[in-house]
Every structure is written in C-alpha cells, then in structure tokens.
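To start, the structure itself, in structure tokens.
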Amino acid sequence: MKRSVTRIFGLIAIAGTCLLLCTIASCGKSGVEAAESEQTDGSGTFRIDGVEYRGTSSVQTFINGNYSIVCEQDAPYKLIQITFHNQAEAEKGGSFKAAEYEMDIPSGKANIGIDGLTFDPEGDYTINVSAKKITLGALKLKQTGASDRTVSIQSATVSF
C-alpha cells in the first residue's frame, strides 16, 4: 500500500513538472502576432494632452493584412500607432476616416492607438496621408472597454 501511494505521488509530480514545462514553453505566444515588423528611417512628432513627443517610426504588417505605423519616443516613453486596412492603401495615401477599434480595419478607415491601448474617436475626424507622411489635426479619443479614459491629440505628423 505504501509503495503504491509513493508511486502515485511520483507520477503526479512528473505530470505536474511536464505541465509546468509546457506552460513555460508556450508563455508569451499569442494567436494575434505581427507577421512582419521593421524599423524605418521615418520619424514623427505628436502632441498628446498638451505634451510634445518626438520619436522614430516602424511599421508592422499583421497576419490579417492590416498595416500599422508606430511612432515611439523612448524617454519618457510614449507611443502612437495608426493602423490602416493594408499597406497599399496606406502608401497610396488620401483621407481616411478615424475608425472605432476593430480587429480588422475596413478599407478607407484608420484606427489610432496610444501606448498600446485601443481607442475610439469621439466624433468625426480625418487622418490624412501624403507621400508616406501621416498628418493628424486635433481629435479626441475615448479608450475602449470599461475605461472612461480620454486622450486629446492636438497634432501628429509621422513619416514611414
């Protein structure tokens, strides 16, 4: 009897160790990963809630084809992200309607994120792109979900 109880606890310990190793090996993996990310020679300036930021830009192409331009300043850290339906549409340029947050941005629209958080516009706003340069005028955003956080962007110019 004592031998079978010891054997059972030994098997449980081995199973627990295997489960722990599997969890550690898969930690950090997500089904919504960027398919491609690259640094650009682009840079940008953006004014959020009255504070001016300056940073470098990079681009990401997501698995669903959405194309995102990220401009981030290192110290103090601040990030603005503008996501378009696809790369061809972003590079072609034009005027895009500021869209509510969606996992797949519709054609003719673009979504704006701040510090890795998702936001919806409070009102109708336009995002302009010309010669791979994004220009935003004044716009207000409300964080998605249960948060009541709002952000005011006074201006932004980001090249990519």
Side-chain angles (χ1 to χ4, degrees), residues 21-160:
L21 289 173
C22 289
T23 303
I24 291 170
S26 66
C27 186
K29 294 185 179 176
S30 168
V32 183
E33 294 182 31
E36 181 182 326
S37 181
E38 66 180 73
Q39 194 68 30
T40 68
D41 290 330
S43 62
T45 59
F46 48 102
R47 180 177 284 277
I48 298 174
D49 293 331
V51 180
E52 181 87 18
Y53 300 95
R54 222 174 264 292
T56 57
S57 63
S58 59
V59 296
Q60 297 175 332
T61 303
F62 294 98
I63 292 170
N64 65 2
N66 286 171
Y67 187 69
S68 187
I69 292 85
V70 178
C71 184
E72 54 192 323
Q73 174 179 292
D74 288 331
Y77 187 76
K78 196 67 163 180
L79 170 146
I80 186 169
Q81 180 174 10
I82 302 97
T83 305
F84 298 89
H85 178 66
N86 60 34
Q87 181 176 356
E89 201 170 87
E91 290 182 349
K92 179 182 174 189
S95 293
F96 298 85
K97 181 178 177 172
E100 291 188 358
Y101 172 74
E102 293 184 50
M103 289 297 290
D104 191 10
I105 305 298
S107 182
K109 296 184 179 182
N111 181 260
I112 302 165
I114 306 293
D115 295 336
L117 302 173
T118 58
F119 289 84
D120 290 337
E122 286 193 324
D124 291 327
Y125 299 100
T126 302
I127 299 164
N128 295 303
V129 181
S130 178
K132 294 179 75 172
K133 182 177 179 181
I134 302 165
T135 306
L136 301 173
L139 65 120
K140 290 187 179 188
L141 302 171
K142 183 178 184 322
Q143 188 175 344
T144 59
S147 175
D148 60 354
R149 178 180 175 201
T150 59
V151 172
S152 178
I153 300 175
Q154 286 77 43
S155 63
T157 304
V158 179
S159 61
F160 59 102

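Just so it is clear, the structure is predicted and the values come from calculations on it, not from any experiment. The first residue in the sequence is number 1, and the count goes up from there.
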Given side chains that start at C-beta, do those of [X] and [Y] come closer than 4.5 Å, heavy atoms only?
{"X": "Val129", "Y": "Phe160", "value": "yes"}
{"X": "Thr45", "Y": "Glu52", "value": "yes"}
{"X": "Tyr67", "Y": "Glu89", "value": "no"}
{"X": "Glu100", "Y": "Pro121", "value": "yes"}
{"X": "Ile48", "Y": "Ile114", "value": "yes"}
{"X": "Thr56", "Y": "Gln73", "value": "no"}
{"X": "Ile112", "Y": "Leu139", "value": "yes"}
{"X": "Phe119", "Y": "Thr144", "value": "no"}

Got more than 12 heavy atoms from elsewhere within 6.0 Å of [atom1], [X]?
{"X": "Asp124", "atom1": "CG", "result": "no"}
{"X": "Arg54", "atom1": "CZ", "result": "no"}
{"X": "Asp104", "atom1": "CG", "result": "yes"}

Quiz item: Parallel, tilted or perpendicular: which fits the ring planes of Phe84 and Phe96, with parallel below 30° and perpendicular above 60°?
Solution: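 Answer is perpendicular, since the angle exceeds 60°.
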Self-check item: Salt bridge Lys142-Glu122, side-chain N to carboxylate O under 4.0 Å
Solution: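 Looking at Glu122 together with Lys142, the answer is no, because their closest N to O distance does not fall below 4.0 Å.
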Quiz prompt | Qualifying salt bridge (charged side-chain N to carboxylate O under 4.0 Å, His left out) pairs with a residue from residues 60-82, counting only residues at least two apart or across chains | solution =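 Listed by first then second residue: Lys78-Asp115.
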Quiz item: With distance as the sole test, does Gln154 use its side chain to make a donor-acceptor pair with the main-chain N or O of Ala138 at under 3.5 Å?
Solution: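 No, Gln154 side chain to Ala138 backbone: no donor-acceptor pair under 3.5 Å.
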Self-check item: For Glu91, salt bridge (Lys or Arg N to Asp or Glu O under 4.0 Å) partners two or more places apart
Solution: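 With sequence neighbours excluded, Glu91 shows a salt bridge (Lys or Arg N to Asp or Glu O under 4.0 Å) to Lys132, given in chain and number order.
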Practice problem: Show your working on side-chain contact (heavy atoms from CB on, under 4.5 Å) between Ile153 and Ile80 and close with a plain yes or no. | Solution: CA-CA 10 Å; Ile153 300 175; Ile80 186 169; 4.0 Å; yes
